[in-house]
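See structure below.
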Amino acid sequence: MSEPQVTTDSRPVRVRMAPSPTGPLHIGTARTSLYNYLFARHVGGTYVMRIEDTDLARSTPEYELDIIENLHWLGITWDEGPQVAGGEDVGEYGPYRQSQRWDLYAREARRLVESEAAYHCWCTPDELEMVRRQQERDHEPPRYNGRCLSLTDADRAAFEAEGRKPAIRFKVPAEKVTFDDLIRGEVEFDNALLGDFVIVRGDGVPLYHFVVVVDDEAMQVSHVIRGEDHLSNTPKHIALIRALGYGEPRFGHIPLILNPDRSKMSKRKSQTDMTAFREQGYLPEAMVNFLAFLGWSPGTEEEIFTLEELAARFEIEEVHKAGAIFDKDRLDYLNGVYIRHLTDEQLALRLRPFLPSTLDDESVLRVVPLIKERLVRLGDATELVAFLTETDDDVASRYEPDMLVPKGRSSAEVAGALELALKTLGRLSHDDFAADELEARCRNAAEDAGWKPGDFFLPIRVAVTGRTVSPPLFGSMELLGRDRTLARLEAALRKLGAAEASHA
RNA sequence: GCCCCCAUCGUCUAGAGGCCUAGGACGCCACCCUUUCAAGGUGGAGAUCACCGGUUCGAAUCCGGUUGGGGGCACCA
């Protein structure tokens, strides 16, 4: 990794992730967190986690926990913030939840009002809504009309008497604002086009644009790396930074993750909850690898990287400008690659939560080689090994007699084949009931009966597993054991006979 | 409506003036392997580098415009 770097104004590198616990961890939030993490680790900076829970109505401790747990699951750690080690908050700039930092915001808001960089606004939400609608009708930009900027003391007293509680509005200086984005280069906005925006609500709750600026300064954040959806908010933040006399951090706006229709990835159109991916059995390593490449590439043809390797290679300047569609097929492919890279022991361990508790660890370990290269997600194992824990009756009820019959063969022929298999395998002792032995016997039997091996194995597979698609047949039979295998073959024969009888 | 950002195969991307008759990967198709399904192997289709104009001996790469897409403009974050 590189030497620790300093920013232009000589601040040590400190980046932060600032999720809002108003929902479970979103894929986009995870990727932004990852990029911040990779940047911090690459340059040897400090990574700060701050919970943006000023929206008391929508924030919950459960969502906060979901976000933190899933970030940890991905392997993303932070140096300062909530739950750094052993569940404890760590860091000298805490507390790290905005709901616990209101004194600071109140103080800074007061400073702004006293210096006349901000002012009280008595407009009600209804009034503002009406103005907005009128502006829309007149095809004017929807921004605050500045009514409360020039109020007389009498006006103010009248509002107070009405019982109105004033919000605090920031007086946006009408000037052009330029900044050098880490990813996009020089970007210019004209703040004269902006309306004065509210920084503290009438009920005293401070708002996002304000607290983010106050906290980034308080926590000495040097690089603000966030989603592109914040690009047009940046001039507001810079105006606030200047009014408050803060130091300006570097900004970097990373491209958005997109729905298949190229709109910003959303719950309505895509699966966005990390927990859902986790529950389906995506590996955190695969998810990290996949997310990292959504908007960045090392510039080579390598594509498999661990978190550590990513941190070693990641350059913020190489991050792309254009958004990237979340390509689930590619995630699936990567997940399979990572699953196949696991040792059998590692995979058995990871598979445990997806398998019935009635399946003992020894069996899990033995079934792993049979299913390993058939798994896209860990969760796929559930269906693949179900035949082991299902009862013989369950298995028999899964298929219709005609599923036992390969193309070009009759029920009677299949019955004959099944009988032959039964007779052949029945001669095997419990100890000889091993895959190699089973395969050899079945092949011989097929040949003797004049069957193609594949056709001969089909009814056996269906009888034994209840499915036309299964892990390798003979390994499956070995795991099932002699008695259950034979019982299932007999059951299949009975089903075939019964079907035959009802036809006759 | 206004402001800003973006633009290479369906998708993720390589590409920073000649190495590009544009490379890789996913997906798709075919074949091989094969007890099903996978995995693996081989091959293939797939991008006039959004378009139009410049600059240059030479442009996917630089500049301008157009078009298209996206984001933002809350007493949400």
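All of these numbers come straight from a predicted model, not from anything done at the bench. Chain letters run A, B, ... following the sequence lines, proteins first and then strands; every chain starts at 1.
Across all strands shown, rG68(B) forms a Watson-Crick or G-U wobble pair, both distances under 3.5 Å, with rC6(B). The nucleotide rC49(B) finds no pairing partner, because no Watson-Crick or G-U wobble arrangement with both distances shorter than 3.5 Å includes it. Applying the Watson-Crick and G-U wobble criteria (two distances, each under 3.5 Å), rC62(B) pairs with rG54(B). Across all strands shown, rC73(B) forms a Watson-Crick or G-U wobble pair, both distances under 3.5 Å, with rG1(B). In this structure rA25(B) sits in a base pair with rU11(B), meeting the Watson-Crick or G-U test at under 3.5 Å. In this structure, rU35(B) makes no Watson-Crick or G-U wobble pair, since no nucleotide meets both defining distances under 3.5 angstrom. In this structure rC20(B) sits in no base pair that meets the Watson-Crick or G-U test at under 3.5 Å.
Counting non-hydrogen atoms under 4.0 angstrom, Leu384(A) reaches nothing in the nucleic acid. Counting any heavy atom pair closer than 4.0 Å across all strands shown, Thr54(A) reaches sugar-phosphate atoms only and no base atom. Nucleic acid contact class of Asp329(A) (heavy atoms, under 4.0 Å, all strands): sugar-phosphate only. At a threshold of 4.0 angstrom between heavy atoms, the contacts of Phe474(A) include nucleobase atoms, whether or not backbone atoms are also involved. When heavy atoms are screened at a 4.0 angstrom cut-off, Ala167(A) is found touching base atoms of the nucleic acid. Across all strands, Pro453(A) comes closer than 4.0 Å to no nucleic acid atom at all (heavy-atom distances). As judged by a 4.0 angstrom heavy-atom cut-off over every strand, Pro255(A) is placed among residues making no nucleic acid contact. Residue Arg443(A) is in base contact, counting any heavy-atom pair closer than 4.0 Å across all strands shown. Here His209(A) lies in heavy-atom contact (under 4.0 Å) with a base. Here Pro235(A) lies out of heavy-atom contact (under 4.0 Å) with every strand.
A donor-acceptor contact closer than 3.5 angstrom is absent between the side chains of Asp126(A) and Thr124(A). In summary, the side chains of Asp55(A) and Tyr208(A) do not present any donor paired with an acceptor at a separation below 3.5 Å, with no hydrogens or angles considered. A donor atom on one side chain and an acceptor atom on the other are not found under 3.5 Å apart for Thr54(A) and Arg201(A). With no hydrogens or angles considered, no side-chain donor-acceptor pair links Thr424(A) and Arg441(A) at under 3.5 Å.
A close approach under 4.0 Å does not occur between any side-chain nitrogen or oxygen of Arg467(A) and OP1 or OP2 of rC37(B). An OP1 or OP2 oxygen of rA77(B) is reached within less than 4.0 angstrom by no side-chain nitrogen or oxygen of His230(A). Dashed line: the shortest gap from a side-chain N or O of Arg132(A) to OP1 or OP2 of rC75(B) is under 4.0 Å. Distances shown here put a side-chain N or O of Arg201(A) below 4.0 Å from the OP1 or OP2 atom of rC76(B). A close approach under 4.0 Å does not occur between any side-chain nitrogen or oxygen of Ser263(A) and OP1 or OP2 of rG69(B). A close approach under 4.0 Å does not occur between any side-chain nitrogen or oxygen of Arg441(A) and OP1 or OP2 of rU35(B). Put simply, Lys328(A) has no side-chain N or O that comes within less than 4.0 Å of OP1 or OP2 on rC26(B).
Ring orientation note: the planes of His120(A) and Trp122(A) are tilted relative to one another, at an angle of 30° to 60°. Under the 30°/60° scheme for interplanar angles, the aromatic rings of His230(A) and His237(A) are found to be tilted.
In this structure, His253(A) atom NE2 and rA77(B) atom P are separated by 17 Å, rounded to whole Å. Put simply, CZ on Phe457(A) is 15 Å from C1' on rC37(B), counting in whole angstrom units.
Every residue two or more places apart in sequence or in another chain that forms a ring pair (Phe, Tyr, Trp, His ring centres under 6.0 Å) with Phe277(A) is listed here: Tyr282(A), Phe326(A). Every residue was checked against the salt bridge (charged side-chain N to carboxylate O under 4.0 Å, His left out) condition with Asp436(A), not counting sequence neighbours, and none meets it. When the salt bridge (charged side-chain N to carboxylate O under 4.0 Å, His left out) test is applied to Asp155(A), no partner is found at least two apart in sequence or on another chain. Remark: Thr382(A) engages Phe354(A) in a side-chain contact (heavy atoms from CB on, under 4.5 Å) (not counting sequence neighbours). Annotation: side-chain contact (heavy atoms from CB on, under 4.5 Å) contacts of Ala324(A) (sequence neighbours excluded): Leu294(A). Taking Lys452(A) as the reference, nothing meets the salt bridge (charged side-chain N to carboxylate O under 4.0 Å, His left out) condition, with sequence neighbours excluded.
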What pairs of nitrogen or oxygen atoms, one from the protein and one from nucleotides 3-9 of chain B, lie under 3.5 Å apart?
| unit_1 | atom_1 | unit_2 | atom_2 | d |
| --- | --- | --- | --- | --- |
| rC5(B) | O2' | Arg184(A) | NH1 | 2.6 |
| rC5(B) | O2' | Glu228(A) | OE2 | 3.0 |

Where do N or O atoms of nucleotides 46-48 of chain B meet protein N or O atoms at under 3.5 Å, pair by pair?
none

Under 3.5 Å, N/O pairs linking protein and nucleotides 64-68 of chain B:
none

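The shortest non-hydrogen separation linking Leu493(A) to Ala415(A) is CD1-O, 3.5 Å. Minimum interatomic distance between Met287(A) and Leu331(A) (heavy atoms only, all atoms of both residues): CE-CD1, 4.1 Å. Across Leu489(A) and Ala463(A), no two heavy atoms sit closer than the pair CD2-CB, 4.0 Å. Across all non-hydrogen atoms, the minimal contact from Val405(A) to Arg409(A) is CG1-O, 3.0 Å. The minimum heavy-atom distance linking Asp196(A) with Phe170(A) is given by the pair CB-O, 3.1 Å.
Across residues 15-30 of chain A, Ser20(A) each have a non-hydrogen atom less than 4.0 Å from an atom of RNA chain B (numbered order). Residues from residues 282-302 of chain A placing a heavy atom under 4.0 Å of any atom in RNA chain B, listed by number, are Phe293(A), Leu294(A), Gly295(A), Ser297(A), Gly299(A), Glu301(A).
Few gaps surround CZ on Arg137(A); more than 12 heavy atoms of other groups in view lie less than 6.0 Å from it. Atom CD of Glu160(A) is surrounded by more than 12 heavy atoms from other residues, nucleotides or ligands within 6.0 Å.
Out of rC75(B), rG71(B), rC76(B), the shortest distance to the side chain of Arg58(A) is found at rC76(B). Side-chain atoms of Glu439(A) lie closest to rU35(B) of the nucleotides rG24(B), rU35(B), rG70(B). Which of rC76(B), rC12(B), rU35(B) sits closest to the side chain of Arg262(A) comes down to rC12(B). The side chain of Pro125(A) has rC75(B) as its nearest neighbour among rC26(B), rC73(B), rC75(B). Listed nucleotides rA77(B), rA25(B), rC26(B) differ in distance to Glu303(A); the shortest reach to its side chain belongs to rA25(B). Proximity note for Leu207(A) (side chain, C-beta onward) versus rU11(B), rC76(B), rU36(B): the nearest is rC76(B).
With hydrogens and angles ignored, a donor-acceptor pair under 3.5 angstrom links the side chain of Arg461(A) to the base of rU35(B).
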Revision key, fill the gap. Per-nucleotide protein contact along nucleotides 39-45 of chain B, 5' to 3', at a 4.0 Å heavy-atom cut-off (B base, S sugar-phosphate only, - neither), is SS-----
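Checked against the 6.0 Å centroid threshold, Tyr35(A) and Phe314(A) count as a close aromatic pair.
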